[in-house]
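Single-structure report; data block below.
Only this structure's heavy atoms are used, side chains among them; waters, hydrogens and symmetry mates stay out.
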Amino acid sequence: MTTNPMDSAVPGFETLAIHAGQEPDPLTGAVVPPIYQTSTYKQDGVGGTRGGYEYSRTANPTRTALETCLAALENGARAFAFASGMAAEDCLIRTLCRPGDRVLLPSDAYGGTFRLFDKVMTAWGVKYEPVRQTDLDAVAKAAAAQRPKLIWAESPTNPLLSIVDIRALAALAHDHGALLVVDNTFASPYLQRPLELGADVVVHSTTKYLGGHSDVVGGAVVIKDPRYARDLAFQQNATGAVAGPFDAWLTLRGIKTLAARMDRHCANAARVARALQDHSAVTSVLYPGLPDHPGHDIAKSQMRDFGGMVSLRLAAGEEKAVEVCARTTLFTLGESLGGVESLIEHPARMTHASAAGSPLEVPPDLVRLSVGIEDPMDLIADLTQALG
Ligand SMILES: Cc1ncc(COP(=O)(O)O)c(C=O)c1O
């Protein structure tokens with residue numbers, strides 16, 4: 001996945017993160033792209049736009065900088081930046097699908113994605129079918145029966161940290177005439193680049209690792225085939241849930257340190273996962289970096305490292321899980337993930353409450369950790385005291 005350091009024509013990931021779409025401002029030389037906090041642009045005569053900018057829902061230079069950088073990081077043809085990850089998903093689905101189309105979803109999809117399909121897309125006429133995507137035979141059977149327009153995947157999944165074989169899933173999707181969409185939020189493009197593994201589209205909640213500082217909500221769609229760019233740009237402009245200039249700027253600022261942050265997230269998560277494995281209150285630790293994780297080898301083959309998310313299941317069940325979430329002091333109890341500070345949450349009652357009673361319901365004894373970049377010894381001490 002890393003580019004050849006001897007090939008100076010292809011900048012490395014860290015270089016792209018800092019420079020792609022972010023050339024010094026031609027007017028002033030400002031090294032950081034300006035925040036173009038403007039809704040409209042002077043035209044030099046009717047239709048005489050400067051660089052094509054006419055109205056900031058359609059395009060804004062700060063957003064263009066972010067979109068250029070995201071496309072480079074995912075090695076895609078184009079990227080589109082949105083007001084949230086859900087806005088990105090909504091725009092993508094309504095661009096690629098029409099009422100009557102079907103989508104295969106992971107059986108442990110992010111709760112918000114499930115809710116979007118279950119409550120919004122179903123009403124629009126797009127049907128979904130949850131499938132355990134770690135079982136490729138089951139996916140093939142469902143694809144043959146459903147003839148889906150899209151196969152939607154996450155890897156690692158939220159919150160169970162399952163790993164799906166993106167190469168195999170892409171081949172399977174294409175055999176059945178479907179496109180493979182990968183939600184790459186948990187890995188980030190630093191750890192995994194689904195388009196290079198055969199996927200057609202990547203979606204992100206840039207709120208998470210890309211932004212990285214828990215100070216901005218945003219989303220992105222990145223496409224491999226430029227054929228879809230026109231329709232996506234049309235839909236993005238027509239429905240309008242775009243990233244604002246300041247949000248785009250904050251996300252770009254976060255992206256500059258993505259590689260350095262991810263290295264530390266991964267190192268800390270690995271140490272936390274190993275420490276939790278030895279704790280008597282914990283029945284299982286879900287972390288793809290552990291050699292006994294069922295997806296470990298696939299993760300190794302498609303990711304640079306194993307990420308900063310760790311989930312654990314508790315021997316004493318739901319009440320204990322809720323209690324542990326309330327007892328940590330360094331891990332902050334809250335939704336979201338991917339920021340520099342560590343977070344803890346109870347998916348069944350929080351992020352995944354919308355999946356209650358559905359095939360995507362998550363175990364009640366599950367606790368999810370977003371392991372930050374603090375001193376790992378402090379993180380382990382906090383979890384140890386909270387587990388009692
Ligand atoms: C995997 C995943 N995808 C999509 C989203 C939705 O993103 P947002 O909250 O930015 O709308 C989230 C949010 O938690 C997520 O975890």
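Heavy atoms of other residues, nucleotides or ligands lying less than 6.0 angstrom from NZ of K127 number 12 at most. In this structure, R264 places its CZ atom where more than 12 heavy-atom neighbours from other residues, nucleotides or ligands lie under 6.0 Å away. Atom CZ of R253 has 12 or fewer heavy atoms from other residues, nucleotides or ligands within 6.0 Å.
Aromatic rings of H265 and Y209 (six-membered ring for Trp) have centroids within the 6.0 Å cut-off, being under it.
Cluster membership check: V139 shares its hydrophobic cluster with L197, using side-chain heavy-atom separations under 4.5 Å among Ile, Leu, Val, Met, Phe, Trp and Tyr. No single ILVMFWY cluster, assembled from side-chain heavy atoms under 4.5 Å apart, contains both V324 and V362. Note on V131 and Y128: separate hydrophobic clusters, where clusters join Ile, Leu, Val, Met, Phe, Trp and Tyr whose side-chain heavy atoms are under 4.5 Å apart, directly or indirectly. The hydrophobic clustering, which links ILVMFWY residues whose side-chain heavy atoms are closer than 4.5 Å, places V285 and I163 apart. In the hydrophobic clustering of ILVMFWY residues, with side-chain heavy atoms under 4.5 Å counting as a link, V322 and L343 come out apart.
When atom types are taken as modelled, the side chain of D101 and the backbone of R98 share a donor-acceptor pair closer than 3.5 angstrom. In this structure, the side chain of N158 does not engage the main chain of Y110 through any donor-acceptor pair within 3.5 Å. Judged purely by atom type and a 3.5 angstrom limit, N184 has no side-chain atom pairing as donor or acceptor with the backbone of H204. Looking at S354, its side chain does come within 3.5 Å of a backbone N or O of G111 through a donor-acceptor pair. Side chain of Q133 to main chain of L169: no donor-acceptor pair is present (N/O by atom type, distance under 3.5 Å, no hydrogens or angles). Judged by distance alone, the side chain of Q22 and the main-chain N or O of A65 form no donor-acceptor pair under 3.5 Å. Between the side chain of N268 and the backbone N or O of G372 there is at least one donor-acceptor pair closer than 3.5 Å. Distance alone, capped at 3.5 Å, places no donor-acceptor pair between the D165 side chain and the I298 backbone. T332 places no side-chain N or O within donor-acceptor distance of the main-chain N or O of G334, the cut-off being under 3.5 Å. Without hydrogens or angle criteria, W249 side chain to P33 main chain gives a donor-acceptor distance under 3.5 Å.
Contact annotation: the side chain of Q302 approaches that of R167 to within less than 4.5 Å [non-hydrogen atoms, C-beta and beyond]. Taking the side chain as every heavy atom from C-beta outward, F82 and V221 approach each other to under 4.5 Å. The shortest distance between side-chain heavy atoms of R304 and Q192 does not fall below 4.5 Å. A heavy-atom distance below 4.5 Å is found between the side chains of V202 and L195. In this structure, T113 and F117 have side chains that are in contact, with non-hydrogen atoms separated by less than 4.5 Å. You'll find the side chain of P148 stays beyond 4.5 Å of the side chain of V103, heavy atoms only. Between Q146 and L104 the shortest side-chain heavy-atom distance falls below 4.5 Å. For the pair H213 and L250, the minimum side-chain heavy-atom distance is 4.5 Å or more.
Note on ring orientation: taking the six-membered ring where Trp is involved, the planes of F13 and Y190 are tilted (angle from 30° to 60°).
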Original post:
Would S214 and E341 count as a side-chain hydrogen bond (donor to acceptor under 3.5 Å, both in side chains) if you check the C-alpha gap in whole Å, the side-chain angles of each, and the deciding distance to 0.1 Å?
Top reply: CA-CA 8 Å; S214 306; E341 63 289 297; 2.6 Å; yes
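Look at D263 and R261 and you find no salt bridge, because none of the NZ, NE, NH1 or NH2 atoms lies under 4.0 Å from a carboxylate O. Residues D137 and K141 are not paired through a salt bridge, judged by the lack of any N-O separation under 4.0 Å between the basic side chain and the carboxylate. A salt bridge links D225 and R227; the closest N-O separation between the charged side-chain nitrogens and carboxylate oxygens is under 4.0 Å. Remark: R115 does not engage E89 in a salt bridge, criterion side-chain N to carboxylate O under 4.0 Å. Ion pair E74/K224 not flagged as a salt bridge, since none of the NZ, NE, NH1 or NH2 atoms sits closer than 4.0 Å to an Asp/Glu carboxylate oxygen. Contact check on K320 versus D365 returns no salt bridge, with no Lys/Arg side-chain nitrogen under 4.0 Å from an Asp/Glu carboxylate oxygen.
The heavy-atom pair separating Q236 from A81 by the smallest distance is NE2-O, 2.9 Å. Considering all non-hydrogen atoms of both residues, G308 and A269 come closest at CA-CB, 3.7 Å. Contact detail for P156 and P288: the closest heavy-atom pair is CG-CG, 4.4 Å. Between R78 and A233, the closest heavy-atom pair is NH2-CB, 4.4 Å. The heavy-atom pair separating S162 from T134 by the smallest distance is CB-CG2, 4.2 Å.
Between E323 atom CD and T328 atom OG1 the span is 11.5 Å, to the nearest 0.5 Å. In this structure, Q235 CD and L92 CG are separated by 9.5 Å, a value rounded to the nearest 0.5 Å. Atoms SG and CD, on C325 and E345 in that order, are 7.5 Å from each other to the nearest 0.5 Å. Separation of atoms OG (S301) and NE2 (H296) is listed at 10.5 Å; rounding is to 0.5 Å. In this structure, CG in L286 is found 10.5 Å from CG in L276, a value given to the nearest 0.5 Å. Here OG1 of T122 is found 9.0 Å from CG of L116. Values are rounded to the nearest 0.5 Å.
Applying the ring-ring contact (aromatic ring centres under 6.0 Å, His included) rule to Y41 yields the partners Y53; only residues at least two apart in sequence or on another chain are considered.
Counted by atom type alone, D108 and H352 present zero donor-acceptor pairs between their side chains at under 3.5 Å.
For the side chain to side chain contact (heavy atoms under 4.5 Å, CB included) with L180, the lone residue among L172, L150, I166 that qualifies is I166.
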